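To start, the structure under review is shown below, and the notes come after it.
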Amino acid sequence: MPAHRTRPAGAAALTAACTAALLGLTALTGCSDEDSPSGVASRAASAAESARDQATAAASSLASRAAEAFASATAEAGRKLDGIKGGTEVKNDVEAGAPKTDGDRTTAEVTATNTDDTTRSFSVQVDFTDQDGKWLDTVVVTVPDVPAGKSGTATARSNRRLSGEVKARVARAVRY
């Protein structure tokens, strides 16, 4: 799957912090005769420390927002699946195929095998992750009206553009 190169959300904040530090250093090097080398070095060290602190805060904020987004998305998916009356958890009867790019979204074909003796539908939570297993997106897809003993398919489509090497996995599946 072709990789999309986009700047992570926190990269802008990190870039801004580094730029501010460099501008500060540039201003410090244009010193007058009254500035001593130790004064310039002290102010440069202070500017570098400030830039580091801003970058650390931006990274921490980004990590916090990612954790909140994961919790929110999985909670919403859980509510959808928990709201199915008379459903049976059947994660082992469902597979997610290799992700592909479709326009600006990532898709994965979901295959549900109906091991029941009557036609059933499936609601499936698919998690998209990066190659390290870090969460990128969560979607719920329905595989409707799968005949007894047969398989049916549906396409899970990400909610937004995903970059890098993306993997899809079935987090949860309910047959009803």
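Quick caveat, the model's predicted, so the values are computed rather than measured.
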Original post:
What's the shortest heavy-atom distance between Ala168 and Ala108, and which atoms?
Top reply: CB-CB, 3.7 Å

Original post:
Should Val110 and Val126 count as side-chain neighbours, where that means a heavy-atom distance under 4.5 Å?
Top reply: yes

Subject >> Presence of salt bridge, Asp116 and Arg120, under 4.0 angstrom >> reply: yes

Original post:
Closest heavy-atom contact between Asn159 and Thr138?
Top reply: ND2-O, 3.1 Å

Subject >> Between Thr155 and Thr107, a side-chain donor and acceptor under 3.5 Å >> reply: no

Original post:
Roughly how far, to the nearest 0.5 Å, is the CG atom of Asp127 from the OG atom of Ser158?
Top reply: 12.5 Å

**OP:** Could you tell me whether the side chain of Val170 reaches within less than 4.5 Å of the side chain of Gln125, counting heavy atoms only?
**Re:** no

Subject >> Contact list for residues 86-96, test side-chain hydrogen bond (donor to acceptor under 3.5 Å, both in side chains), sequence neighbours left out >> reply: Glu89-Arg172, Asp93-Thr115

Original post:
Looking only at atom types and distance, does a side-chain atom of Thr119 sit under 3.5 Å from a main-chain N or O of Asp145, one as donor and one as acceptor?
Top reply: no

Original post:
Which residue pairs satisfy the salt bridge (Lys or Arg N to Asp or Glu O under 4.0 Å) criterion with at least one member in residues 146-159, sequence neighbours excluded?
Top reply: Asp102-Arg157

Subject >> Exercise: identify the closest heavy-atom pair between Ser123 and Leu81 >> reply: CB-CD2, 3.4 Å

Subject >> Side chain to side chain, Tyr176 and Thr142, heavy atoms closer than 4.5 Å >> reply: yes

Original post:
With the 4.5 Å side-chain cut-off for hydrophobic clustering, are Val140 and Ile84 part of the same group?
Top reply: yes

Subject >> Close side-chain approach of Lys100 to Thr106, heavy-atom, < 4.5 Å >> reply: no

Original post:
Do Leu162 and Asp137 have side chains that get closer than 4.5 Å, going by heavy atoms?
Top reply: yes

Original post:
Is any side-chain heavy atom of Val139 less than 4.5 Å from a side-chain heavy atom of Phe128?
Top reply: yes

Subject >> Whether Asp132 side chain and Lys134 backbone form a donor-acceptor pair below 3.5 Å >> reply: no

Original post:
In Å, rounded to the nearest 0.5 Å, how long is the span from OG1 of Thr118 to CZ of Arg175?
Top reply: 10.0 Å

**OP:** Please answer: with hydrophobic residues joined when any side-chain heavy atoms are less than 4.5 Å apart, are Val146 and Val90 in the same cluster?
**Re:** yes

Original post:
What is the minimum heavy-atom distance between Ala112 and Val94, and which atoms define it?
Top reply: CB-CG2, 4.0 Å

**OP:** Report yes if the side chains of Thr153 and Val143 come closer than 4.5 Å at any heavy-atom pair, otherwise no.
**Re:** no

Subject >> Smallest separation among heavy atoms of Thr113 and Ser151, with atom names >> reply: OG1-OG, 3.0 Å

Original post:
Taking all atoms of both residues into account, what is the closest heavy-atom pair of Asn114 and Phe122, and its distance?
Top reply: CA-CZ, 3.7 Å

Original post:
What's the verdict on side-chain contact (heavy atoms from CB on, under 4.5 Å) for Val166 and Leu136, showing C-alpha distance, side-chain angles and the deciding distance?
Top reply: CA-CA 8 Å; Val166 178; Leu136 300 172; 4.0 Å; yes

